[in-house]
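Below, read A as the first sequence line, B as the second, and so on, with proteins coming before strands; counting in each chain starts at 1. Worth saying up front: this structure is predicted, and the values here are computed from it rather than measured.
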2 protein chains.
Amino acid sequence: MSTIFGNRLRTFREKLQIPQRKLASVLEIDTATYCKIEKGDRRAKREQVVTLAELLQTDAKELLRLWSADKVYDLIADEDEAAQILNVVAENITHYKRQKSKI
Amino acid sequence: MSTIFGNRLRTFREKLQIPQRKLASVLEIDTATYCKIEKGDRRAKREQVVTLAELLQTDAKELLRLWSADKVYDLIADEDEAAQILNVVAENITHYKRQKSKI
DNA sequence: CTAAATTTGCCAAATAACGTCAAGACAAAA
DNA sequence: TTTTGTCTTGACGTTATTTGGCAAATTTAG
């Protein structure tokens, strides 16, 4: 499992010298669960990401981006044409946005 | 749900004038299930995509790419920074590949 | 209209993801 | 060495999601 997100979490947390226990309690989850989130064994909930951004004094949007990226990464990391897949998605995303803006 | 993949399936199938019933029977699934795959209500299995590529006389890699893209699309289509998310993933994918090739 | 093809809603089974507990590793402090 | 605090891991039961099929409805073609 990917750790783009979890690693960032850990970096920020260590910089602020906050124990996992502390963040876990604010999120109202077990320290084991929080540990797994950092390690990429469990997925944080969107809500939790926002809370974590506050606690770690970082930009929520940025953190959410990594959080999403993690999920995408896990989905295609094993594919040998991962990069091309991203291109296909990118094309379709922009197409959609164009349509949407016309309405 | 996305239909990047399903639409392609349908296009090819109609071009060859094959009824869903036929493809479904080769895949050994219900026609309803196959229908849902084309509509994007169900996900085809990787194996099935390969089989479908044969039946529809098209490139399996290409079809698999769309199949994967569909999954990614569904994951991030609702995000307002979808495009940026893809960039993050792309960076991490290439990083990984660089490392891998060094080994 | 009739028949074939496609689509939909719903269900039960299978699968995946979840959170917690208990046990353990590790390092720093006593 | 024993203790203390932090982090990590595996196993387990629970919950959520996904799956395939059936039956019924709808659409399409002849």
Side-chain donor/acceptor pairs under 3.5 Å, residues 36-43 of chain B, sequence neighbours excluded:
unit_1 : atom_1 : unit_2 : atom_2 : d
B/E38  : OE1    : B/R10  : NE     : 2.5
B/E38  : OE1    : B/R10  : NH2    : 2.7
B/E38  : OE1    : B/R13  : NH2    : 3.2
B/E38  : OE1    : B/Q20  : NE2    : 3.2
B/E38  : OE2    : B/R13  : NE     : 2.5
B/E38  : OE2    : B/Y34  : OH     : 2.8
B/R43  : NH1    : B/D74  : OD2    : 3.1

(request) Among the candidates C/dG19, C/dT8, D/dG20, find the nucleotide nearest to the side-chain atoms of B/D41. (result) C/dT8

(request) Output all residues satisfying side-chain hydrogen bond (donor to acceptor under 3.5 Å, both in side chains) with A/S2, sequence neighbours left out; order by chain, then residue number. (result) A/D70

(request) Kindly write out the residues that satisfy side-chain contact (heavy atoms from CB on, under 4.5 Å) with A/D59, not counting sequence neighbours, or none if the list is empty. (result) A/K61, A/E62

(request) Find the bend of the helix from C/dC1-D/dG30 to C/dA30-D/dT1 as the angle between its two terminal axes (five pairs each), to the nearest 10°. (result) 30°

Tabulate atom names and distances for all N/O pairs under 3.5 angstrom spanning the protein and nucleotides 11-14 of chain D.
unit_1 : atom_1 : unit_2 : atom_2 : d
D/dA11 : N6     : A/K36  : NZ     : 3.4

(request) Answer yes or no: is there a donor N or O on one side and an acceptor on the other, between the side chain of A/S25 and the main chain of A/K22, under 3.5 Å? (result) yes

Grab the N/O contacts between the protein and nucleotides 3-5 of chain C below 3.5 Å, and write none if there aren't any.
unit_1 : atom_1 : unit_2 : atom_2 : d
C/dA5  : OP1    : B/R21  : NH2    : 2.6
C/dA5  : OP2    : B/R21  : NE     : 2.8
C/dA5  : OP2    : B/R21  : NH2    : 3.3

(request) Sequence neighbours left out, what passes side-chain contact (heavy atoms from CB on, under 4.5 Å) with A/T51? Give chain and number order. (result) A/V26, A/L27, A/L55

(request) For A/R46, enumerate each residue passing the salt bridge (Lys or Arg N to Asp or Glu O under 4.0 Å) test, keeping only those at least two apart in sequence or located in another chain. (result) B/E79

(request) Counting heavy atoms from C-beta on, name the nucleotide in D/dG20, C/dT7, C/dC21 closest to the side chain of B/T33. (result) D/dG20

(request) Between protein and nucleotides 24-30 of chain C, map the contacts as a letter string: B base, S sugar-phosphate only, - none, heavy atoms under 4.0 Å, written 5' to 3'. (result) -------

(message) Checking A/A53 now: which residues fulfil side-chain contact (heavy atoms from CB on, under 4.5 Å) with it, not counting sequence neighbours?
(response) A/T58, A/A60, A/L63

(request) Could you pull out all residues at least two apart from A/N7 that satisfy side-chain contact (heavy atoms from CB on, under 4.5 Å)? (result) A/T3

